[in-house]
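Residue numbering restarts at 1 for every chain, and letters A, B, ... go by the order of the sequence lines.
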Amino acid sequence: MITRRRVVAGSAGALLLAGVGASAFGAEDGADELIALPGKRPLIKRSFRPPNYETPLGDLRRQYTANDAFFVRYHLASIPQVDERAWRLRVEGSSIKQPLELSLADLQRGFEQVELAAICQCSGNGRGLFTPRAGGVQWTYGAMGNALWGGVRLRDVLNRAGVNADALEIVLDGADSQVLPATPDFVKSLPIDRGLDEHTLIAFEMNGRPLPHWNGAPARLVVPGWTATYWVKHLISIRAEPKAFDGFWMKSAYRIPTGKFPGARFASQENAETTPITEILINSLVTSHADGERLVRGRPAELAGWAWDGGSGISTVETSLDEGRSWRPAQLGEAPSSYSWRGFRAALDTSKAGPLRIAVRATGRNGARQPEQLTPNPSGYHHNIIQTLTLEVT
Amino acid sequence: MKALLLILSVVCMSVAAYADENTIRLHEAPDSELVVARCSVCHSLDYVPMNAPVFDRAGWQKSVRKMIDTFGAPISDDDAKRIVEYLGTHY
């Protein structure tokens, strides 16, 4: 039986709630509820079932987001606890020469073991900050995390089975499923070149530990640089197919207006109006302070956070204190890989009392820079505008 | 599916409501029970207050139709109308 430790607390400036009754309308009165799933520390609960929980700002300050603080995102509510000893991964499909069935031990012993640092970010991270508003899970900043993923290359597994030249897409299914038979199962596909990319992994470790249940145990797909919708959890089936996969989660969901955003194209799934979301866009987040926080006059203070993109890597992060008229470079930390987020820091002048209106923007090695304006899209994807926050020096 | 059941030893979490979600109370009004009965088959009711700032009546209508037409919720046209009326009025 699943039980949860309930910790009810306000986010910065939100109501402190006490008692079960008062928390019932948490989302309505603006207060965030912090609730711990089994094996997780308290996270911001967006929905109980399917479970959607985001990581609070305070848990996003480490280079690698802790496994028990990593965000949780499901579409469908039937989520099995997979027994890793009985678990098998099937490699199959019309474009596979020799179907395989692999155990976790097969993956651990039969293939080269690799590790890669990469940010895992929900396509809808920041949806709750959209204007105009967009329906769906109202994430703020924490539907993302950075981790060191350990596993094997999808490419090595596919090549062991043998991929025919006609393969167009790799189709991925996990053990989680729908409640009603009529609901479309969560099945995703990738272009064949992304499936065969050396960085696309079948991961069974996260930060040196087995994947947490809520993050896809015993194995999940890791598609560095692409949004987390492709990072299928509890992976049980990998198919190579010569045709475009036509399931709901490709044909209707996770789509953006064609030609409105930068990023890799997914040609076999594109039409004149819409195309699948693919790469993570250039973005940054201040994690040292929340908007509205106070600073003590004369006490040294430093702004810090992360910048990331879809894998070109971060070249500069700049801050502005004059509404974006002038920008100064922040100090950059090392990035363990170009798919990881990269730290930045900038000293704050606390010598004068009053508000500090701060803007932060990141630029990638590919020249892409965070925009000032959101590109509206019905599902509220790609929230990556320049962050602004006000800190009060008193 | 059969193969999946054979190869996986799974302990399915109860599809019934999780303990904590029973604390969610929708505004009491005619048809609030209908909303609870129909919507909570597939998801917890926190989706309602979560999307209250986003959806107007037309938004709720679209959302309810999506649940029926895309996700296969077995909800009659009459019940759908009452659900949209409730959501549009109270959220």
Side-chain angles (χ1 to χ4, degrees), chain A residues 1-4 6 19-30 33 35 45-52 76-83 85-90 101 103 127-128 130 132-138 173 175 177-184 234 236-237 248 252-253 380, chain B residues 1-28 32 36 38-56 58-75 87 90-91:
Chain A
M1 191 61 214
I2 300 297
T3 56
R4 281 175 180 73
R6 172 182 283 263
V20 164
S23 67
F25 301 104
E28 250 184 320
D29 55 24
E33 288 180 279
I35 296 176
K45 191 273 294 177
R46 295 290 168 217
S47 68
F48 283 113
R49 179 174 55 97
N52 286 297
L76 305 171
S78 185
I79 306 166
Q81 290 274 357
V82 181
D83 176 351
R85 287 160 304 179
W87 174 81
R88 296 291 181 274
L89 176 61
R90 286 176 282 123
E101 196 173 278
S103 67
R127 178 184 292 122
F130 253 79
R133 302 292 297 259
V137 179
Q138 298 297 300
D173 190 13
S177 63
Q178 65 276 37
V179 175
L180 298 172
T183 305
H234 316 292
I236 53 169
S237 168
F248 167 78
S252 303
Chain B
M1 194 61 204
K2 245 181 204 163
L4 166 64
L5 290 176
L6 285 174
I7 58 167
L8 283 180
S9 161
V10 296
V11 184
C12 273
M13 287 201 316
S14 167
V15 168
Y18 297 167
D20 273 358
E21 71 172 85
N22 292 327
T23 61
I24 302 168
R25 296 278 175 274
L26 296 184
H27 296 307
E28 273 184 44
S32 57
V36 171
R38 294 292 183 272
C39 303
S40 71
V41 170
C42 289
H43 62 82
S44 49
L45 295 166
D46 38 18
Y47 277 81
V48 172
M50 178 166 66
N51 279 293
V54 183
F55 291 150
D56 55 12
W60 286 120
Q61 164 76 18
K62 213 173 143 192
S63 181
V64 170
R65 284 319 312 180
K66 183 180 175 185
M67 297 302 150
I68 297 166
D69 300 334
T70 304
F71 292 109
I75 298 174
L87 294 172
H90 299 284
Y91 287 94

Asks: Could you tell me whether the side chain of B/Y47 reaches within less than 4.5 Å of the side chain of A/V137, counting heavy atoms only?
Replies: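 In short, these two side chains touch, coming nearer than 4.5 Å.
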
Asks: Among B/G59, B/P74, B/S44, which has the most heavy-atom pairs under 4.5 Å with chain A?
Replies: B/S44

Asks: For A/R49 and B/C42, which heavy atoms make the closest approach, and how far apart are they?
Replies: NH1-C, 3.6 Å

Asks: With a 4.5 angstrom heavy-atom cut-off, which part of B/S63 approaches chain A: side chain, backbone, both or neither?
Replies: neither

Asks: Return the option, out of A/P181, A/P184, A/G128, with the maximum number of heavy-atom pairs under 4.5 Å with chain B.
Replies: A/P184

Asks: Nearest heavy-atom pair of A/L180 and B/A73: which atoms, and what distance?
Replies: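 Nearest heavy atoms, A/L180 then B/A73: CD1-CA, 3.9 Å.
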
Asks: Which heavy-atom pair separates B/F71 from A/T183 by the least distance, and what is that distance?
Replies: O-OG1, 2.6 Å

Asks: Roughly how far, to the nearest 0.5 Å, is CG of B/D46 from CD of A/E33?
Replies: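 It comes to 8.0 Å.
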
Asks: Who wins among A/S237, A/G136, A/P132 for the most heavy-atom pairs under 4.5 Å with chain B?
Replies: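 Winner by heavy-atom pair count: A/G136.
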
Asks: Report the C-alpha separation of B/E21 and A/S47 in whole Å, then their side-chain angles, then the decisive distance to 0.1 Å, and conclude whether the side chain to side chain contact (heavy atoms under 4.5 Å, CB included) test is met.
Replies: CA-CA 9 Å; B/E21 71 172 85; A/S47 68; over 6 Å; no

